[in-house]
There are 2 protein chains.
Amino acid sequence: MPSDLSADIRAAGLRVTRGRLQVLELLENAPHSDAESIHALLRDVDPDISIQSVHNILSALASAGLVRRIEPARSPARYERRLGDNHHHVVCTECGAIEDVDCVVGHAPCLTPSSTSGFTIATAEVNFWGVCPDCATVAETPVASPVA
Amino acid sequence: MPSDLSADIRAAGLRVTRGRLQVLELLENAPHSDAESIHALLRDVDPDISIQSVHNILSALASAGLVRRIEPARSPARYERRLGDNHHHVVCTECGAIEDVDCVVGHAPCLTPSSTSGFTIATAEVNFWGVCPDCATVAETPVASPVA
DNA sequence: GGGTAATCGTGAATGACTCAAAATAGGCGC
DNA sequence: GCGCCTATTTTGAGTCATTCACGATTACCC
């Protein structure tokens with residue numbers, strides 16, 4: 001079923017290469033992966049791929065609009081393939097796990113700040129910080145001050 | 001009038017040192033500064049201060065809750081002294097300039113995601129991405145795809 | 001199938017930050 | 001005001017994710 005990935009890539013004006021196909025396919029199954037884990041998974045299929053190529057591929061895909069790059073504080077950049085819908089993320093302050101959060105309120109209520117200070121707003125990004133179920137069970141101790 | 005800064009520092013359980021006072025004072029005048037520019041400004045007053053000390057001071061102040069650390073993607077960590085009120089930021093996709101944005105809606109409407117995926121949400125962070133007035137005048141050309 | 005430019009591999013380099021150990025200085029009790 | 005103890009700073013090296021440069025390879029158009 002990865003056949004139309006090629007079409008996507010080509011439609012974005014990029015050449016279709018094995019690496020790019022693999023990265024896209026991989027991001028379907030493992031969203032929110034960072035460059036290093038993508039590299040690790042890719043090596044299973046193509047042992048010769050280098051981490052630089054992964055960065056290369058990812059930034060090509062990102063600037064072509066095929067993947068979205070998210071960079072939570074304290075964590076390497078991660079990539080995901082869900083595009084178009086403006087959804088947000090929950091990040092675990094303990095282990096860095098990321099999950100998607102749909103913007104219930106339909107279409108960006110928070111997208112309109114009160115005073116833009118003259119800025120021309122293009123996008124809004126919402127990140128929720130908390131503790132994921134796994135880490136919550138491990139550490140009962142309420143954490144000090146993770147973000148603020 | 002920087003006299004009660006000492007009190008603030010002490011109240012947080014930290015020792016009052018010259019560097020910390022200077023950093024706090026500096027952040028009043030130049031909010032959203034990153035470690036490097038803080039270092040540069042500090043050298044005017046105290047030429048012997050090292051960049052590591054600046055990092056040290058900043059992380060001490062941050063974990064004591066005296067400053068807030070903000071880390072927009074594609075930009076080194078920045079620090080500000082506005083605390084308590086949950087305000088957000090506009091970041092210029094061109095030059096990285098940051099301005100404060102008050103959360104009009106009183107108290108965090110966006111703070112409540114639809115499904116938390118089992119996460120225990122602690123804080124929410126909202127970043128707006130756009131083009132600042134300065135960069136808007138310089139480049140009339142609408143930019144490709146800066147963030148998304 | 002051949003040519004050409006995009007893409008990948010290799011290697012080195014950068015920026016921002018962290019870690020470790022020795023030198024210094026703040027603030028407590030006296 | 002004086003010393004002591006420990007928090008903080010300094011100095012220096014090291015880490016991590018990412019980027020840059022350039023030659024080798026490969027996809028795609030004809």
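What you see is a predicted model; the values in this text were computed from it and never measured.
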Participant: Rounded to whole Å, how long is the line connecting atom CG of D48(A) with atom P of dA24(D)?
Facilitator: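 Between P of dA24(D) and CG of D48(A): 17 Å.
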Participant: Out of dC28(D), dC17(C), dT10(D), which has the shortest distance to the side chain of N56(B)?
Facilitator: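 The answer is dT10(D).
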Participant: May I ask you to evaluate whether S59(B) reaches the phosphate of dT18(C), defined as a side-chain N or O under 4.0 Å from OP1 or OP2?
Facilitator: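 No, because none of the side-chain N or O atoms of S59(B) sits under 4.0 Å from OP1 or OP2 of dT18(C).
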Participant: Here's a test for you: under side chain to side chain contact (heavy atoms under 4.5 Å, CB included), which of H32(A), E99(A), E125(A) qualifies with H89(A)?
Facilitator: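 By the side chain to side chain contact (heavy atoms under 4.5 Å, CB included) criterion, H89(A) pairs with just one of H32(A), E99(A), E125(A): H32(A).
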Participant: Could you give the CD1-to-P distance, from I51(A) to dC16(D), as a whole number of Å?
Facilitator: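 Between P of dC16(D) and CD1 of I51(A): 13 Å.
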Participant: Determine whether a donor-acceptor pair (one donor, one acceptor, N or O, separation below 3.5 Å) exists between the side chain of R15(B) and the base of dT6(D).
Facilitator: yes
Participant: Would you classify T17(A) as touching base, sugar-phosphate or nothing, given that sugar-phosphate means primed atoms plus P, OP1 and OP2, and contacts are heavy atoms under 4.0 Å?
Facilitator: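 Answer is sugar-phosphate: T17(A) comes under 4.0 Å of backbone atoms only.
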Participant: In whole angstrom, what separates H39(A)'s NE2 from dT19(D)'s C1'?
Facilitator: 16 Å
Participant: In whole angstrom, what separates R78(A)'s CZ from dA17(D)'s P?
Facilitator: 11 Å
Participant: Salt-bridged, E28(A) to R81(A), with N to O below 4.0 Å?
Facilitator: yes
Participant: Could you tell me how far apart L58(B) (CG) and dA16(C) (C1') are, to the nearest whole angstrom?
Facilitator: 13 Å
Participant: Counting just side-chain N and O atoms, does R74(B) come under 4.0 Å of either OP1 or OP2 of dT19(D)?
Facilitator: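 True: R74(B) side-chain N/O within range (under 4.0 Å) of dT19(D) OP1/OP2.
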Participant: Between E80(A) and R78(A), is the closest basic N to carboxylate O distance under 4.0 Å?
Facilitator: no
Participant: Rounded to whole angstrom units, what separation is found between the CG atom of L61(A) and the P atom of dT7(C)?
Facilitator: 10 Å
Participant: Hey, does R18(A) reach any base, or is it just sugar-phosphate, or nothing, if we go heavy atoms under 4.0 Å?
Facilitator: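 Touches nothing.
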Participant: Return the value, rounded to whole Å, for the distance between atom CD of E36(A) and atom C1' of dT18(D).
Facilitator: 12 Å
Participant: Tell me which of E71(B) and V16(B) sits closer to the 5' end of DNA chain C, going by the nucleotide each one is nearest to.
Facilitator: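 Final value for this comparison: E71(B).
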Participant: Could you tell me the separation between the CD1 atom of I57(A) and the C1' atom of dT26(D), rounded to a whole number of Å?
Facilitator: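 Taking CD1 of I57(A) and C1' of dT26(D), I get 13 Å after rounding.
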Participant: Using the side-chain heavy atoms of L14(A), tell me which of these nucleotides is nearest: dT18(D), dT7(C), dT11(D).
Facilitator: dT7(C)
